[in-house]
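Remember, it's a predicted structure, so these values are computed and weren't measured experimentally.
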Amino acid sequence: MRAFDYSKEDFRNMDPWRLFRIMSEFVEGFEHMSEVEKGVSIFGSARIKEGTKFYELARDVANNLSLAGFDIITGGGPGIMEAANRGANESGVGTTVGLNIDLPFEQTGNSYVQHGINFRYFFVRKVMFLKYSCAVVVMPGGFGTLDEFFEILTLVQTHKVPATPIVLMGESFWSGMIRWIEEAMLGDVDCMISPEDLKLIKITDDPLVAVEYIEREYGKAKIKSR
């Protein structure tokens, strides 16, 4: 192994020092999130505007979840995240959390977050979402939203996390993807997934159906844990 020439690069910029920053983000996240007991993470696009269909749908489902006793966790930014934090705030009960990520564009904090944390690393932020969520609601979004959806789905499917209710809201948005999964991944010949895997997902346009489903599945999980 070649010797490192410290004259050419500042040691503070090397990976060992980066590890300390990663550790500090984990510690800060755990400390801030420790009081969240019944968190529901709501994912969705940062680009969706106030007054649009999906903005109001996210606002409505977050409001109803808060009234049902759940804390709302979002990415803390605009769009769907703002709508969810706003709906939770308007309930007058519960807690709204924003796990903001440092990005060169799009991501700025919204004013409806009661408890905000800033992250530099996506993977640390993801741990906070998953560790403190007893359910996940996925609204329409882009690559980041799909990444979050498929990651939690994979972790539940492989039993790496406890059974977590996953709700897709916006049937018109998600129906094409579900149809492709059924046809391409769950084909008659080459099955890439099990038919049971699709039962891990609940698709609806109705906030009350989403809340009832989450409450029911959360209740089942509590009984099993006793």
Side-chain angles (χ1 to χ4, degrees), residues 29-30 32-46 48 54-77 79-101 110 112-117 119 125-141 144-156 161-170 174 200-225:
F30 291 147
H32 279 80
M33 298 292 287
S34 61
E35 296 183 5
V36 176
E37 296 182 358
K38 291 175 60 179
V40 176
S41 287
I42 299 181
F43 301 120
S45 174
I48 291 177
F54 293 131
Y55 183 101
E56 296 306 325
L57 188 58
R59 183 177 173 184
D60 196 1
V61 73
N63 184 275
N64 281 280
L65 283 167
S66 291
L67 292 173
F70 294 95
D71 297 325
I72 301 302
I73 307 170
T74 77
I80 291 296
M81 296 170 281
E82 175 188 289
N85 288 132
R86 181 177 180 178
N89 255 329
E90 290 169 342
S91 73
V93 295
T95 301
T96 65
V97 180
L99 307 181
N100 199 41
I101 186 75
N110 71 70
Y112 301 101
V113 171
Q114 295 172 1
H115 304 282
I117 314 172
F119 294 93
R125 182 176 178 244
K126 283 182 176 181
V127 170
M128 300 304 148
F129 276 122
L130 299 180
K131 179 174 174 57
Y132 295 98
S133 295
C134 62
V136 170
V137 174
V138 189
M139 300 293 303
T145 301
L146 292 176
D147 173 59
E148 289 157 337
F149 163 60
F150 280 113
E151 177 158 17
I152 182 61
L153 181 60
T154 300
L155 291 171
V156 173
V161 298
T164 303
I166 303 171
V167 179
L168 299 181
M169 298 212 67
W174 297 110
L200 299 173
I201 307 167
K202 176 72 173 180
I203 306 176
T204 183
D205 282 325
D206 189 334
L208 295 181
V209 170
V211 174
E212 289 171 1
Y213 174 73
I214 289 171
E215 285 186 305
R216 183 172 65 252
E217 295 303 310
Y218 175 75
K220 290 180 182 178
K222 291 289 287 184
I223 292 172
K224 289 181 180 179
S225 66

- Task: Name all residues meeting the side-chain contact (heavy atoms from CB on, under 4.5 Å) criterion together with Ser45; count only those two or more places apart in sequence or in a different chain, and write none if there are none.
- Result: Arg47, Ile48
- If every non-hydrogen atom of Gly170 is compared with every non-hydrogen atom of Leu57, which pair is closest and at what distance? N-CD2, 4.3 Å
- Query: Donor-acceptor pair, Asp71 side chain versus Val36 backbone, under 3.5 Å?
  - Reply: no
- Under 3.5 Å, side chain of Ser133 to main-chain N/O of Leu130, donor-acceptor pair present? no
- Note on the structure: Heavy-atom nearest pair, Phe119 first then Gly29, reads CZ-CA, 4.4 Å
- Query: Side chains of Lys126 and Glu151: closer than 4.5 Å at any heavy-atom pair?
  - Reply: yes
Got a list of side-chain donor-acceptor pairs under 3.5 Å for residues 206-215, not counting sequence neighbours?
from, atom 1, to, atom 2, distance (Å)
Asp206, OD1, Leu208, N, 2.9

- Query: Quick one: CD1 on Ile166 to CD1 on Ile203, what's the gap to the nearest 0.5 Å?
  - Reply: 11.5 Å
- CG on Leu200 to CG on Leu153, rounded to 0.5 Å: 6.0 Å
- Query: Are side-chain heavy atoms of Met139 and Ile42 found at a separation under 4.5 Å?
  - Reply: yes
- Note on the structure: Interatomic distance, CD1@Ile80 vs CG@Asn85, rounded to 0.5 Å, equals 11.5 Å
- Task: Check the angle between the aromatic planes of Phe149 and Trp174 and answer parallel, tilted or perpendicular using the 30° and 60° thresholds.
- Result: tilted
- Glu35 meets the side-chain contact (heavy atoms from CB on, under 4.5 Å) criterion, sequence neighbours left out, with none
- So which pairs with a foot in residues 161-170 pass salt bridge (charged side-chain N to carboxylate O under 4.0 Å, His left out), sequence neighbours left out? none
- Hey, mind stepping through Phe43 and Met81 against side-chain contact (heavy atoms from CB on, under 4.5 Å) and telling me if it holds? CA-CA 7 Å; Phe43 301 120; Met81 296 170 281; over 6 Å; no
- Message: Is the shortest side-chain heavy-atom distance between Val61 and Met169 below 4.5 Å?
- Response: yes
- With a 4.5 Å limit on heavy-atom distance, are the side chains of Glu82 and Tyr55 in contact? yes
- Item | Side-chain touch Ile117/Met33, heavy atoms, less than 4.5 angstrom | yes
- Should Tyr132 and Glu37 count as side-chain neighbours, where that means a heavy-atom distance under 4.5 Å? no
- Backbone N/O of Gln114 and side chain of Thr96: donor-acceptor pair under 3.5 Å: yes
- Item | Contacts of Val161 that satisfy side-chain contact (heavy atoms from CB on, under 4.5 Å) - sequence neighbours left out | Ile152, Leu155, Val156, Thr164
- Message: With a 4.5 Å cut-off on side-chain heavy atoms, are Val138 and Glu148 touching?
- Response: no
- Query: If you take all heavy atoms of Ser41 and Phe129, which pair is closest and at what distance?
  - Reply: OG-CD2, 3.3 Å
- Query: Which pairs with one or both residues in residues 56-67 pass side-chain hydrogen bond (donor to acceptor under 3.5 Å, both in side chains), sequence neighbours excluded?
  - Reply: Glu56-Arg59, Arg59-Glu90, Asp60-Asn64
- May I ask you to decide if Gly77's main-chain N or O and Asn110's side chain share a donor-acceptor pair within less than 3.5 Å? yes
- Closest non-hydrogen atom pair, Ile72 against Ala88: CG1-CB, 3.5 Å
